[in-house]
Amino acid sequence: MAVDRRSVRTLAVLVVALVGLTAGGPAVAGQDLGSGSSGELTRGEPDLDAFLPEPELGAGTEASLEIQVHNNGDLSLGTDRDRVTTARGTSVEIVDEGPFDVKSGTASLGSVTEGQSQTTTQRIAAPEDLEPGEHDITVELSYDYTRQVSGSGVVYDRSGRDLVTLTIEVPNEPRFDIGEVDTEVEPGGDGPATLEIENVGSETASQARATITGGGGVTVDGEAADAVLGDLEAGESETVTVDVAIDEAASGGAKPLDVAVTYRDSAGVEREAIPEMATLAPAPEQTFSITALEDTLAVGYDGTVAGEITNEGPRTVDDAVLIVEPMSESLFVEDTRYALPEIEPGERAAFRYPTDVSGQADAGPRQLRFSVEYTAGDRSTLTDGPISERVVIDDHADEFSLLGDGISVQQGDSSEFTLEITNEREETLSNIDAMLYTDSPLATINDEAYVDELAPGESAELTFDVQAAPNAPTETHPVELDFEYDTERGETVLSDVYQHPIEVEPGEDDGGIGIGGIVVRLMALATVIGIAGTLWWRRR
């Protein structure tokens, strides 16, 4: 009887499939890998397990824990071992994070052959208040593998998922927390900063010491500060004061301070705690502003620049100095540093600078630069500014204006007259000594007048006399005056020479000179001699 080979082959495939179903059944349909091939049936599967080589994680810390995946393999039939025990496309995912906070996602390991171990990491954070002891997480291992290879080459693939419980140990140990750093040091300054170090762990830290270093433009004690904390029980804290210097160019925002703590545990073994980082926020920079700036500047005169300075905060300053710098050679300030009183934030203080203006200066605007020096951080001296402000130099103007209309004297006679002077300066002038000068054919006996004080815009009357020679031309003649006075700064100033007109009118003809004429001439001669002597004395 002839046997149909095709029928026999079909029957063989059905038998193999039946055997596969008996063993659990394929997850993927069988594949014929070789037409007409024959060989030994192989069956098996991977056997994956997971471990934590270093299972310790401190409360309040975050770390990358290594998870090691090992494949023990399980060959149940046949000899093609690697074919059925290799886990392909292996991935690791924490599906139950327990009391922890898992920061990582699914990790891929690729293929894991029998006897091989693959390692991945997972970022895990432990809460601050997590109790010491053992805490579990659950890891899912996912992979693909070949369950069976038939003698004829038909392959049956499957997918596997294993759940593994891993135990993380939270040790019973000291842990440290760093509070906010308190300082009044600004960028560019240096001074003290305080921070609190607390043992938030569950065990006493004996003989604890802290090493504090800075970053981000902050230097601690020149390089690093060592602080003795002593014995810190659980929940106990210690305040540490260090010296910090902040670069002037340091950008705004908090700066890091690294704090490393060493201690001895209950067994007397010296240990290093996980380094902690504190944040130091530099004090806001102190600022000032200039308001209500006024000036009394004119070409050739001494004047003042005055105004108010406002402390814009954030702190009270009690030792600040306001410095002015004229940006023109035509302005001169003898004492450029003005000591300010204590000024609270938002408070104002007045200032006043005596300022001289050169007689060769041109009228017009000028620039002044102001800056404020103050102490910050209990030690360093800082500067705010420059603050640029504008002043105006006025044209040269007389100190006084004179008013005295219609002053006249007859030939050969004398006349008393009054001049009204007004203070045109923007400061009070005192000890005003006025002198009257005449030239022939005029003379004077009462040539001096005095005013105690004139405020700006205030006026006073001055009384003089004048005599005219009998042959004086009947026309307008000038008399001259100058004024010596004291300024508010206590300086004595001699004014320019002022001129005022005197009208000589025809005298009465009495047919001769007469006693009056002789007296007048003698008085005029004496006056001329006196005036000449006075001019020589005052102008020498």
Side-chain angles (χ1 to χ4, degrees), residues 49-70 92-107 117 119-141 162-181 195-213 226-240 256-279:
D49 201 359
F51 307 91
L52 290 174
E54 296 183 4
E56 194 171 277
L57 181 63
T61 64
E62 180 179 322
S64 294
L65 293 185
E66 285 190 357
I67 299 178
Q68 191 176 88
V69 176
H70 184 75
V92 179
E93 181 183 5
I94 298 177
V95 294
D96 184 357
E97 59 188 21
F100 303 98
D101 183 12
V102 177
K103 307 292 186 178
S104 305
T106 302
S117 295
T119 301
T120 185
T121 59
Q122 290 285 302
R123 193 74 182 170
I124 300 175
E128 289 277 355
D129 56 353
L130 188 58
E131 293 291 332
E134 296 183 346
H135 302 272
D136 293 338
I137 61 173
T138 301
V139 173
E140 182 181 81
L141 308 176
D162 298 334
L163 297 177
V164 180
T165 298
L166 301 178
T167 299
I168 297 177
E169 299 177 9
V170 177
N172 185 22
E173 63 181 0
R175 291 185 296 106
F176 301 92
D177 181 67
I178 315 300
E180 291 186 3
V181 182
L195 61 156
E196 187 177 55
I197 301 177
E198 182 182 2
N199 180 4
V200 295
S202 55
E203 189 177 68
T204 298
S206 300
Q207 302 177 31
R209 302 179 64 91
T211 300
I212 305 165
T213 55
D226 290 322
V228 177
L229 306 178
D231 296 339
L232 287 182
E233 297 181 1
E236 190 176 7
S237 62
E238 183 72 22
T239 298
V240 175
L257 294 182
D258 293 324
V259 182
V261 179
T262 60
Y263 64 94
R264 292 189 180 276
D265 62 15
S266 57
V269 178
E270 186 174 54
R271 297 186 179 277
E272 293 183 2
I274 297 175
E276 298 289 336
M277 187 179 74
T279 56

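For this chain, numbers begin at 1 and follow the sequence in order. What's counted below: heavy atoms across the whole structure, side chains too, no hydrogens, waters or symmetry copies.
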* To do: Test side-chain contact (heavy atoms from CB on, under 4.5 Å) on Ser64 and Gln122 and set out the steps.
  => CA-CA 5 Å; Ser64 294; Gln122 290 285 302; over 6 Å; no
* To do: Determine, step by step, whether Leu65 and Thr121 satisfy the side-chain contact (heavy atoms from CB on, under 4.5 Å) criterion, reporting the C-alpha distance in whole Å, the side-chain angles of both residues, the deciding distance to 0.1 Å, and the verdict.
  => CA-CA 5 Å; Leu65 293 185; Thr121 59; over 6 Å; no
* Verdict with supporting geometry, Val69 and Leu141, side-chain contact (heavy atoms from CB on, under 4.5 Å) -> CA-CA 9 Å; Val69 176; Leu141 308 176; 4.0 Å; yes
* Residue pair Glu173, Tyr263: steps toward the side-chain contact (heavy atoms from CB on, under 4.5 Å) verdict -> CA-CA 11 Å; Glu173 63 181 0; Tyr263 64 94; 4.2 Å; yes
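The two residues His135 and Val170 make their nearest non-hydrogen contact at CD2-CG2, 3.6 Å. Shortest non-hydrogen contact noted between Leu57 and Ala126 is CD2-CB, 3.9 Å. When all heavy atoms of Leu130 and Pro99 are compared, the closest pair comes out as CD1-CB, 3.7 Å. Minimum interatomic distance between Ile137 and Glu97 (heavy atoms only, all atoms of both residues): CG2-O, 3.4 Å. Of all the heavy atoms in Ala107 and Thr120, the pair that sits closest is CB-OG1, 3.1 Å. Annotation for Thr204 and Pro174: closest pair O-CG, 3.7 Å, computed over non-hydrogen atoms.
By the salt bridge (charged side-chain N to carboxylate O under 4.0 Å, His left out) test, Glu128 pairs with Arg175, sequence neighbours left out. Asp101 pairs by the salt bridge (charged side-chain N to carboxylate O under 4.0 Å, His left out) definition with Lys103, not counting sequence neighbours. Applying the side chain to side chain donor-acceptor pair (under 3.5 Å) criterion to Asp129, with sequence neighbours excluded, gives no partner residue. Applying the salt bridge (charged side-chain N to carboxylate O under 4.0 Å, His left out) criterion to Arg271, with sequence neighbours excluded, gives Asp265. Scanning for side chain to side chain donor-acceptor pair (under 3.5 Å) contacts around Glu62 gives Arg123, with sequence neighbours left out. Taking the side chain to side chain contact (heavy atoms under 4.5 Å, CB included) definition, one finds that Pro256 meets it with Met277, sequence neighbours left out. The side chain to side chain donor-acceptor pair (under 3.5 Å) check on Ser104 picks up nothing, with sequence neighbours excluded. Judged as a salt bridge (charged side-chain N to carboxylate O under 4.0 Å, His left out), and not counting sequence neighbours, Arg209 has no contacts. Residues that satisfy the side chain to side chain donor-acceptor pair (under 3.5 Å) test with Asp136, not counting sequence neighbours, are Thr167. Considering only residues two or more places apart in sequence or on other chains, Pro132 meets the side chain to side chain contact (heavy atoms under 4.5 Å, CB included) condition with Asn172, Ser202. Residues forming a side chain to side chain contact (heavy atoms under 4.5 Å, CB included) with Thr138 (at least two apart in sequence, or on another chain): Val95, Asp96, Leu163, Thr165.
Between Ile124 and the choices Ile67, Ile168, Thr61, the side-chain contact (heavy atoms from CB on, under 4.5 Å) rule is met once, by Ile168. Test Val261, Leu257, Val259 against Ile178 for side-chain contact (heavy atoms from CB on, under 4.5 Å) and you get one pass: Val259.
Here the CD-OG1 distance, from Glu272 to Thr211, works out to 9.0 Å after rounding to the nearest 0.5 Å. Here the CD atom belonging to Glu203 is positioned 9.0 Å from the CG atom belonging to Asn199, to the nearest 0.5 angstrom. Taken to the nearest 0.5 Å, the CZ atom of Phe51 stands 7.5 Å off from the CD atom of Gln68.
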Quiz: residues 229-240 side-chain donor-acceptor pairs under 3.5 angstrom, not counting sequence neighbours:
| from | atom 1 | to | atom 2 | distance (Å) |
| --- | --- | --- | --- | --- |
| Asp231 | OD1 | Gln207 | N | 2.7 |
| Glu236 | OE1 | Glu233 | N | 3.0 |
| Ser237 | OG | Glu196 | OE2 | 3.2 |

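Looking only at side-chain heavy atoms (C-beta outward), Val164 and Asp49 come within less than 4.5 Å of each other.
Of the N and O atoms on the side chains of Glu180 and Thr279, not one donor lies less than 3.5 Å from an acceptor on the other residue.
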